[in-house]
Amino acid sequence: MIDAALSSSGTQIVLASSSDENYPPENILNGNTETFWISTGMFPQEVIVRFRSLVKIALVTMHSYNVKTLKIEKNTLNDTLEFEPVAEKEFECTEGHLQTNSFSLPGTGVTHLRFIITAGYDHFVSVHRVTVDGAQE
Amino acid sequence: MVKLRARCIVVGDSAVGKSALSQMFRSDGAHFQRNYSMTAGVELLVKSVNIPDSSDSVELFIFDSAGKETFAEPCEKLWGQPSVLCLVFDLTSEASFRNCGRWLERVRTNSQGQQVPGVLVGNKSDLSSRREVEKAVAQNWAQSQGLEYHETSAKETENCEAPFVSLAQAFYSMYQDRIQVIHSLA
Ligand SMILES: Nc1nc2c(ncn2[C@@H]2O[C@H](COP(=O)(O)OP(=O)(O)O)[C@@H](O)[C@H]2O)c(=O)[nH]1
Ligand SMILES: [Mg+2]
(Lines give C-alpha, C1' and ligand atoms only; values in the text may rest on other atoms or scores of the structure.)
(Ligands and ions follow the chains in the order given, each with its own letter.)
Protein backbone atom coordinates (compact mmCIF):
# COMPACT_ATOMS: atom_id res chain seq x y z
CA MET A 1 0.00 0.00 0.00
CA ILE A 2 1.16 3.47 -0.86
CA ASP A 3 -0.36 6.92 -0.50
CA ALA A 4 -1.10 7.51 -4.17
CA ALA A 5 -2.41 11.02 -3.53
CA LEU A 6 0.96 12.60 -2.86
CA SER A 7 2.19 14.97 -5.52
CA SER A 8 5.57 13.27 -5.06
CA SER A 9 3.98 10.16 -6.65
CA GLY A 10 3.13 12.19 -9.75
CA THR A 11 -0.44 12.99 -8.73
CA GLN A 12 -1.78 16.34 -9.95
CA ILE A 13 -4.69 18.70 -9.50
CA VAL A 14 -6.30 19.22 -12.91
CA LEU A 15 -9.17 21.47 -11.80
CA ALA A 16 -10.24 23.44 -8.75
CA SER A 17 -13.33 25.62 -8.68
CA SER A 18 -11.74 28.18 -6.36
CA SER A 19 -8.31 29.68 -6.30
CA ASP A 20 -6.64 31.98 -3.83
CA GLU A 21 -2.99 32.00 -4.80
CA ASN A 22 -2.04 31.89 -1.12
CA TYR A 23 -4.00 28.66 -0.62
CA PRO A 24 -3.54 26.64 -3.84
CA PRO A 25 -5.27 23.26 -4.34
CA GLU A 26 -1.84 21.59 -4.51
CA ASN A 27 -1.78 22.01 -0.72
CA ILE A 28 -4.18 19.06 -0.59
CA LEU A 29 -1.53 16.72 -2.02
CA ASN A 30 1.58 17.75 -0.09
CA GLY A 31 1.02 15.39 2.81
CA ASN A 32 0.78 18.24 5.31
CA THR A 33 -2.47 19.09 7.11
CA GLU A 34 -1.16 22.51 8.13
CA THR A 35 -1.46 23.79 4.56
CA PHE A 36 -4.83 23.86 2.85
CA TRP A 37 -6.98 24.84 -0.10
CA ILE A 38 -9.89 27.13 0.73
CA SER A 39 -13.07 27.67 -1.24
CA THR A 40 -13.76 31.29 -2.08
CA GLY A 41 -17.53 31.34 -1.90
CA MET A 42 -20.72 29.58 -3.06
CA PHE A 43 -21.42 25.91 -3.65
CA PRO A 44 -20.88 23.50 -5.29
CA GLN A 45 -17.09 23.46 -5.17
CA GLU A 46 -14.92 20.80 -6.75
CA VAL A 47 -11.40 19.51 -7.14
CA ILE A 48 -10.26 16.93 -9.69
CA VAL A 49 -7.18 14.84 -8.96
CA ARG A 50 -5.29 12.95 -11.69
CA PHE A 51 -3.06 9.96 -10.92
CA ARG A 52 0.05 9.16 -12.89
CA SER A 53 -1.44 5.78 -13.81
CA LEU A 54 -4.35 3.55 -12.82
CA VAL A 55 -4.69 3.15 -9.05
CA LYS A 56 -6.53 0.32 -7.32
CA ILE A 57 -7.98 2.09 -4.33
CA ALA A 58 -8.62 0.70 -0.86
CA LEU A 59 -9.36 3.78 1.21
CA VAL A 60 -9.74 7.51 0.60
CA THR A 61 -9.41 9.90 3.54
CA MET A 62 -10.09 13.62 3.62
CA HIS A 63 -9.01 16.14 6.24
CA SER A 64 -11.18 19.23 5.99
CA TYR A 65 -12.99 21.99 7.84
CA ASN A 66 -16.66 22.97 7.64
CA VAL A 67 -17.47 20.64 4.74
CA LYS A 68 -21.08 19.47 5.05
CA THR A 69 -21.70 17.17 2.11
CA LEU A 70 -19.14 15.57 -0.15
CA LYS A 71 -19.63 13.52 -3.29
CA ILE A 72 -16.82 11.50 -4.80
CA GLU A 73 -16.77 10.54 -8.47
CA LYS A 74 -14.18 8.62 -10.49
CA ASN A 75 -13.17 7.64 -13.96
CA THR A 76 -10.59 5.45 -15.64
CA LEU A 77 -10.10 7.66 -18.70
CA ASN A 78 -7.27 9.88 -19.85
CA ASP A 79 -9.53 12.95 -19.76
CA THR A 80 -12.08 14.49 -17.40
CA LEU A 81 -15.11 14.51 -19.67
CA GLU A 82 -17.08 11.80 -17.88
CA PHE A 83 -17.34 10.63 -14.30
CA GLU A 84 -19.38 8.12 -12.36
CA PRO A 85 -20.44 8.48 -8.73
CA VAL A 86 -18.74 6.29 -6.13
CA ALA A 87 -19.61 7.75 -2.73
CA GLU A 88 -21.53 10.48 -0.94
CA LYS A 89 -21.45 11.47 2.71
CA GLU A 90 -22.64 14.10 5.13
CA PHE A 91 -19.78 15.12 7.41
CA GLU A 92 -20.19 16.08 11.04
CA CYS A 93 -19.53 19.66 12.05
CA THR A 94 -16.34 19.84 14.12
CA GLU A 95 -15.84 23.21 15.68
CA GLY A 96 -12.22 23.94 16.60
CA HIS A 97 -10.57 20.98 14.91
CA LEU A 98 -10.35 19.37 11.48
CA GLN A 99 -12.82 16.86 10.11
CA THR A 100 -11.41 13.46 9.20
CA ASN A 101 -13.58 11.22 7.03
CA SER A 102 -12.72 7.97 5.30
CA PHE A 103 -14.32 6.19 2.41
CA SER A 104 -13.72 2.49 1.96
CA LEU A 105 -13.70 1.77 -1.78
CA PRO A 106 -12.05 -1.63 -2.04
CA GLY A 107 -10.74 -2.53 -5.48
CA THR A 108 -11.98 0.59 -7.26
CA GLY A 109 -9.71 1.39 -10.20
CA VAL A 110 -9.30 5.07 -11.03
CA THR A 111 -7.21 7.51 -13.02
CA HIS A 112 -9.15 10.56 -11.81
CA LEU A 113 -11.03 11.33 -8.62
CA ARG A 114 -13.44 14.21 -8.44
CA PHE A 115 -14.38 15.66 -5.06
CA ILE A 116 -17.56 17.73 -5.12
CA ILE A 117 -18.51 19.73 -2.03
CA THR A 118 -22.21 20.43 -2.39
CA ALA A 119 -22.74 22.22 0.94
CA GLY A 120 -20.80 23.66 3.83
CA TYR A 121 -21.32 24.53 7.48
CA ASP A 122 -19.84 27.92 6.61
CA HIS A 123 -19.52 30.07 3.49
CA PHE A 124 -15.91 28.97 3.15
CA VAL A 125 -14.60 25.43 3.55
CA SER A 126 -11.05 24.15 3.54
CA VAL A 127 -9.48 20.86 2.48
CA HIS A 128 -6.15 20.15 4.16
CA ARG A 129 -5.20 16.74 2.90
CA VAL A 130 -6.48 13.81 0.88
CA THR A 131 -4.84 10.41 1.19
CA VAL A 132 -5.50 7.53 -1.14
CA ASP A 133 -4.38 4.13 0.12
CA GLY A 134 -3.99 1.85 -2.84
CA ALA A 135 -1.77 0.09 -5.31
CA GLN A 136 -0.52 1.93 -8.36
CA GLU A 137 0.05 0.06 -11.62
CA MET B 1 -5.03 38.19 -5.53
CA VAL B 2 -8.31 36.45 -4.89
CA LYS B 3 -11.74 36.65 -6.41
CA LEU B 4 -14.48 35.67 -3.99
CA ARG B 5 -17.94 34.64 -5.08
CA ALA B 6 -21.04 35.54 -3.15
CA ARG B 7 -24.61 34.47 -3.69
CA CYS B 8 -26.60 37.63 -3.09
CA ILE B 9 -30.30 37.26 -2.50
CA VAL B 10 -32.57 40.26 -2.94
CA VAL B 11 -35.61 39.95 -0.72
CA GLY B 12 -38.67 42.05 0.10
CA ASP B 13 -42.27 42.67 -0.84
CA SER B 14 -43.37 42.71 -4.44
CA ALA B 15 -42.97 46.03 -6.34
CA VAL B 16 -40.53 47.65 -3.90
CA GLY B 17 -37.94 47.82 -6.69
CA LYS B 18 -35.79 44.72 -6.18
CA SER B 19 -35.50 44.02 -9.90
CA ALA B 20 -34.88 47.67 -10.73
CA LEU B 21 -32.12 47.85 -8.14
CA SER B 22 -30.52 44.58 -9.27
CA GLN B 23 -30.61 45.70 -12.90
CA MET B 24 -28.42 48.64 -11.99
CA PHE B 25 -25.79 46.00 -11.46
CA ARG B 26 -26.08 44.16 -14.72
CA SER B 27 -22.71 43.40 -16.18
CA ASP B 28 -22.20 41.99 -19.62
CA GLY B 29 -20.16 38.95 -20.49
CA ALA B 30 -20.89 37.44 -17.10
CA HIS B 31 -18.94 34.25 -16.71
CA PHE B 32 -20.95 31.44 -15.30
CA GLN B 33 -19.53 29.03 -12.77
CA ARG B 34 -19.21 25.52 -14.14
CA ASN B 35 -21.69 23.13 -12.69
CA TYR B 36 -23.91 25.79 -11.23
CA SER B 37 -27.53 24.73 -11.24
CA MET B 38 -30.17 27.32 -12.04
CA THR B 39 -33.76 27.46 -10.99
CA ALA B 40 -36.45 28.25 -13.53
CA GLY B 41 -38.03 31.70 -13.29
CA VAL B 42 -34.86 33.25 -11.98
CA GLU B 43 -32.66 35.90 -13.47
CA LEU B 44 -28.99 35.96 -12.63
CA LEU B 45 -26.99 39.18 -12.63
CA VAL B 46 -23.28 39.15 -12.02
CA LYS B 47 -21.22 42.10 -10.89
CA SER B 48 -17.66 42.27 -9.72
CA VAL B 49 -16.80 44.69 -6.89
CA ASN B 50 -13.17 45.63 -6.26
CA ILE B 51 -11.99 45.77 -2.68
CA PRO B 52 -10.17 49.08 -2.06
CA ASP B 53 -6.44 48.94 -1.21
CA SER B 54 -6.10 45.39 -2.47
CA SER B 55 -5.99 43.50 -5.75
CA ASP B 56 -8.92 41.39 -4.53
CA SER B 57 -12.53 41.42 -5.67
CA VAL B 58 -15.90 39.93 -4.86
CA GLU B 59 -18.12 38.69 -7.63
CA LEU B 60 -21.76 39.10 -6.62
CA PHE B 61 -24.17 36.59 -8.13
CA ILE B 62 -27.47 38.38 -7.73
CA PHE B 63 -30.46 36.09 -7.96
CA ASP B 64 -33.65 37.90 -8.80
CA SER B 65 -36.98 36.11 -8.87
CA ALA B 66 -38.98 36.73 -12.02
CA GLY B 67 -42.39 36.53 -10.39
CA LYS B 68 -44.26 38.12 -7.53
CA GLU B 69 -43.02 37.47 -4.04
CA THR B 70 -45.50 36.49 -1.36
CA PHE B 71 -45.00 34.85 1.99
CA ALA B 72 -46.98 31.87 0.81
CA GLU B 73 -44.66 31.15 -2.08
CA PRO B 74 -41.60 29.05 -1.42
CA CYS B 75 -38.67 31.20 -2.52
CA GLU B 76 -36.18 29.18 -0.49
CA LYS B 77 -35.26 27.17 -3.55
CA LEU B 78 -34.18 30.33 -5.28
CA TRP B 79 -32.19 31.45 -2.26
CA GLY B 80 -30.07 28.31 -2.01
CA GLN B 81 -27.33 28.82 0.54
CA PRO B 82 -27.19 32.65 0.60
CA SER B 83 -23.85 34.39 1.14
CA VAL B 84 -25.21 37.89 1.63
CA LEU B 85 -28.65 39.45 1.95
CA CYS B 86 -30.11 42.60 0.40
CA LEU B 87 -33.44 43.33 2.12
CA VAL B 88 -35.45 45.97 0.24
CA PHE B 89 -38.52 48.02 1.13
CA ASP B 90 -40.29 50.95 -0.51
CA LEU B 91 -39.88 54.26 1.35
CA THR B 92 -43.38 55.22 0.24
CA SER B 93 -44.94 52.09 1.73
CA GLU B 94 -45.03 51.65 5.49
CA ALA B 95 -46.43 48.13 4.94
CA SER B 96 -43.37 47.05 2.95
CA PHE B 97 -41.15 48.25 5.81
CA ARG B 98 -43.20 46.41 8.43
CA ASN B 99 -42.84 43.19 6.44
CA CYS B 100 -39.04 43.35 6.55
CA GLY B 101 -38.99 41.61 9.92
CA ARG B 102 -40.85 38.66 8.48
CA TRP B 103 -38.56 38.46 5.46
CA LEU B 104 -35.50 38.57 7.68
CA GLU B 105 -36.84 35.84 9.92
CA ARG B 106 -37.52 33.69 6.91
CA VAL B 107 -33.98 34.11 5.56
CA ARG B 108 -32.48 33.36 8.96
CA THR B 109 -34.56 30.22 9.35
CA ASN B 110 -33.29 29.13 5.96
CA SER B 111 -29.61 29.85 6.58
CA GLN B 112 -29.15 27.24 9.33
CA GLY B 113 -27.30 29.33 11.86
CA GLN B 114 -24.80 30.66 9.33
CA GLN B 115 -23.81 34.28 9.61
CA VAL B 116 -25.23 36.11 6.57
CA PRO B 117 -24.09 39.74 6.23
CA GLY B 118 -26.96 41.97 5.20
CA VAL B 119 -28.09 45.44 4.22
CA LEU B 120 -31.47 47.11 4.53
CA VAL B 121 -32.36 49.26 1.53
CA GLY B 122 -35.07 51.91 1.49
CA ASN B 123 -35.77 52.39 -2.22
CA LYS B 124 -37.66 55.07 -4.19
CA SER B 125 -36.01 58.00 -2.40
CA ASP B 126 -36.95 60.15 -5.42
CA LEU B 127 -40.60 60.10 -4.31
CA SER B 128 -39.85 62.30 -1.29
CA SER B 129 -43.34 63.84 -1.07
CA ARG B 130 -44.85 60.37 -0.63
CA ARG B 131 -42.37 59.12 1.95
CA GLU B 132 -43.99 57.05 4.74
CA VAL B 133 -40.89 55.74 6.52
CA GLU B 134 -38.55 58.13 8.32
CA LYS B 135 -34.84 57.58 7.83
CA ALA B 136 -34.15 57.47 11.57
CA VAL B 137 -36.80 54.81 12.16
CA ALA B 138 -35.45 52.57 9.40
CA GLN B 139 -31.88 53.16 10.51
CA ASN B 140 -32.66 52.22 14.12
CA TRP B 141 -34.41 49.03 13.15
CA ALA B 142 -31.59 48.09 10.73
CA GLN B 143 -29.03 48.62 13.46
CA SER B 144 -30.99 46.49 15.93
CA GLN B 145 -30.90 43.67 13.36
CA GLY B 146 -27.22 44.04 12.51
CA LEU B 147 -27.94 45.39 9.02
CA GLU B 148 -26.33 48.37 7.36
CA TYR B 149 -28.90 50.92 6.13
CA HIS B 150 -28.93 52.58 2.69
CA GLU B 151 -31.45 54.73 0.83
CA THR B 152 -31.56 54.47 -2.95
CA SER B 153 -33.47 55.49 -6.01
CA ALA B 154 -33.23 52.88 -8.72
CA LYS B 155 -35.15 55.26 -10.97
CA GLU B 156 -32.66 58.10 -10.62
CA THR B 157 -29.71 55.67 -10.19
CA GLU B 158 -29.07 57.37 -6.89
CA ASN B 159 -26.76 55.55 -4.44
CA CYS B 160 -27.53 52.16 -6.01
CA GLU B 161 -23.97 50.86 -5.80
CA ALA B 162 -23.57 51.50 -2.09
CA PRO B 163 -25.58 48.57 -0.70
CA PHE B 164 -23.80 46.07 -2.95
CA VAL B 165 -20.36 47.48 -2.25
CA SER B 166 -21.03 47.26 1.44
CA LEU B 167 -22.15 43.62 1.09
CA ALA B 168 -19.03 42.75 -0.91
CA GLN B 169 -16.83 44.28 1.76
CA ALA B 170 -18.61 42.47 4.58
CA PHE B 171 -18.19 39.16 2.74
CA TYR B 172 -14.51 39.88 2.14
CA SER B 173 -13.93 40.64 5.84
CA MET B 174 -15.63 37.41 6.74
CA TYR B 175 -13.29 35.52 4.40
CA GLN B 176 -10.21 37.03 6.01
CA ASP B 177 -11.64 36.20 9.40
CA ARG B 178 -12.22 32.56 8.50
CA ILE B 179 -8.69 32.17 7.14
CA GLN B 180 -7.35 33.26 10.53
CA VAL B 181 -9.56 30.71 12.25
CA ILE B 182 -8.43 27.89 9.93
CA HIS B 183 -4.76 28.78 10.44
CA SER B 184 -5.27 28.54 14.17
CA LEU B 185 -6.54 24.94 13.83
CA ALA B 186 -3.41 23.46 12.34
N1 LIG C 1 -40.14 56.25 -8.49
C2 LIG C 1 -39.46 55.11 -8.41
N3 LIG C 1 -39.99 53.98 -8.92
C4 LIG C 1 -39.27 52.83 -8.83
C5 LIG C 1 -37.99 52.80 -8.23
N6 LIG C 1 -37.54 51.52 -8.28
C7 LIG C 1 -38.50 50.80 -8.90
N8 LIG C 1 -39.55 51.57 -9.23
C9 LIG C 1 -40.80 51.15 -9.88
O10 LIG C 1 -41.49 50.28 -9.02
C11 LIG C 1 -42.14 49.23 -9.75
C12 LIG C 1 -41.71 47.87 -9.24
O13 LIG C 1 -40.32 47.69 -9.50
P14 LIG C 1 -39.66 46.25 -9.59
O15 LIG C 1 -38.21 46.45 -9.74
O16 LIG C 1 -40.34 45.41 -10.61
O17 LIG C 1 -40.02 45.68 -8.15
P18 LIG C 1 -39.86 44.18 -7.57
O19 LIG C 1 -41.18 43.52 -7.68
O20 LIG C 1 -39.47 44.39 -6.14
O21 LIG C 1 -38.78 43.51 -8.36
C22 LIG C 1 -41.78 49.46 -11.20
O23 LIG C 1 -42.85 50.16 -11.80
C24 LIG C 1 -40.55 50.34 -11.14
O25 LIG C 1 -40.43 51.17 -12.27
C26 LIG C 1 -37.45 54.02 -7.71
O27 LIG C 1 -36.35 54.11 -7.16
N28 LIG C 1 -38.25 55.14 -7.82
MG1 LIG D 1 -38.85 41.67 -9.41
Side-chain angles (χ1 to χ4, degrees), chain A residues 14-25 27-28 30-48 63-69 71 73 80-81 83 90 93-100 114-129, chain B residues 1-9 31-38 44 46-49 51 54-63 76 79-85 110-118 167-186:
Chain A
V14 289
L15 180 144
S17 54
S18 280
S19 61
D20 180 334
E21 59 192 7
N22 294 318
Y23 307 95
N27 282 352
I28 295 171
N30 66 6
N32 179 356
T33 54
E34 285 181 22
T35 59
F36 54 87
W37 167 75
I38 186 166
S39 72
T40 58
M42 305 214 302
F43 295 97
Q45 293 283 339
E46 67 172 281
V47 172
I48 298 178
H63 302 269
S64 57
Y65 194 58
N66 275 329
V67 171
K68 187 170 184 189
T69 45
K71 280 190 207 173
E73 298 181 350
T80 56
L81 297 178
F83 281 89
E90 181 160 333
C93 185
T94 58
E95 214 156 299
H97 62 95
L98 297 186
Q99 301 165 304
T100 303
R114 180 183 190 188
F115 299 91
I116 307 168
I117 299 162
T118 52
Y121 289 106
D122 193 13
H123 301 286
F124 310 107
V125 301
S126 53
V127 179
H128 296 244
R129 187 180 178 187
Chain B
M1 195 196 80
V2 63
K3 186 196 269 181
L4 303 183
R5 290 196 179 111
R7 185 181 182 106
C8 177
I9 57 166
H31 174 73
F32 209 65
Q33 188 180 358
R34 199 172 114 86
N35 227 348
Y36 212 80
S37 55
M38 276 289 281
L44 175 73
V46 185
K47 172 79 173 184
S48 195
V49 178
I51 301 299
S54 77
S55 53
D56 301 334
S57 59
V58 178
E59 208 169 13
L60 291 175
F61 287 66
I62 303 170
F63 288 79
E76 277 77 1
W79 295 348
Q81 202 170 351
S83 313
V84 294
L85 162 71
N110 189 57
S111 48
Q112 295 155 2
Q114 275 192 32
Q115 181 191 346
V116 177
L167 287 173
Q169 277 175 337
F171 194 64
Y172 182 71
S173 308
M174 198 159 65
Y175 178 68
Q176 292 186 309
D177 233 58
R178 295 308 193 268
I179 284 180
Q180 289 313 309
V181 170
I182 294 169
H183 271 299
S184 73
L185 299 177

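Below, all heavy atoms of this structure are taken into account, side chains as well, without hydrogens, waters or symmetry copies. Lettering follows sequence order; numbering is per chain, from 1.
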Visitor: Name the orientation class of the two ring planes belonging to Y175(B) and F124(A) (parallel below 30°, tilted from 30 to 60°, perpendicular beyond 60°).
Guide: perpendicular
Visitor: Would you say H123(A)'s side chain and Q115(B)'s backbone share a donor-acceptor pair under 3.5 angstrom?
Guide: yes
Visitor: Considering only heavy atoms, which portion of S39(A) lies under 4.5 Å from any heavy atom of chain B: side chain, backbone, both, or neither?
Guide: backbone
Visitor: Using side chain to side chain contact (heavy atoms under 4.5 Å, CB included), reason through H128(A) and I182(B) one step at a time and then give a plain yes or no.
Guide: CA-CA 10 Å; H128(A) 296 244; I182(B) 294 169; 3.5 Å; yes
Visitor: For the atom pair CG (N66(A)) and CG (L185(B)), what is the distance rounded to the nearest 0.5 Å?
Guide: 9.0 Å
Visitor: Under the side chain to side chain donor-acceptor pair (under 3.5 Å) rule, collect the residues that match up with E90(A), sequence neighbours excluded.
Guide: none
Visitor: Take I179(B) and N22(A), measure what side chain to side chain contact (heavy atoms under 4.5 Å, CB included) needs, and give me the verdict at the end.
Guide: CA-CA 11 Å; I179(B) 284 180; N22(A) 294 318; over 6 Å; no
Visitor: Rounded to the nearest 0.5 Å, how far apart are NZ of K3(B) and OG of S18(A)?
Guide: 11.0 Å
Visitor: Are the side chain of Q81(B) and the backbone of G120(A) linked by a donor-acceptor contact shorter than 3.5 Å?
Guide: yes
Visitor: Of all the heavy-atom pairs spanning M42(A) and S83(B), show the shortest one and how long it is.
Guide: CG-OG, 4.2 Å
Visitor: Identify the heavy atoms of R178(B) and D122(A) that sit nearest to each other, and give their distance.
Guide: NE-OD2, 2.5 Å
Visitor: Would you mind checking which part of Y23(A) comes under 4.5 Å of any heavy atom in chain B, side chain (CB onward), backbone (N, CA, C, O), both or neither?
Guide: side chain
Visitor: Would you say CD of E95(A) has more than 12 non-hydrogen atoms from neighbouring residues, nucleotides or ligands within 6.0 angstrom?
Guide: no
Visitor: Nearest 0.5 Å, please: how far is CZ in F36(A) from NE2 in H183(B)?
Guide: 4.0 Å
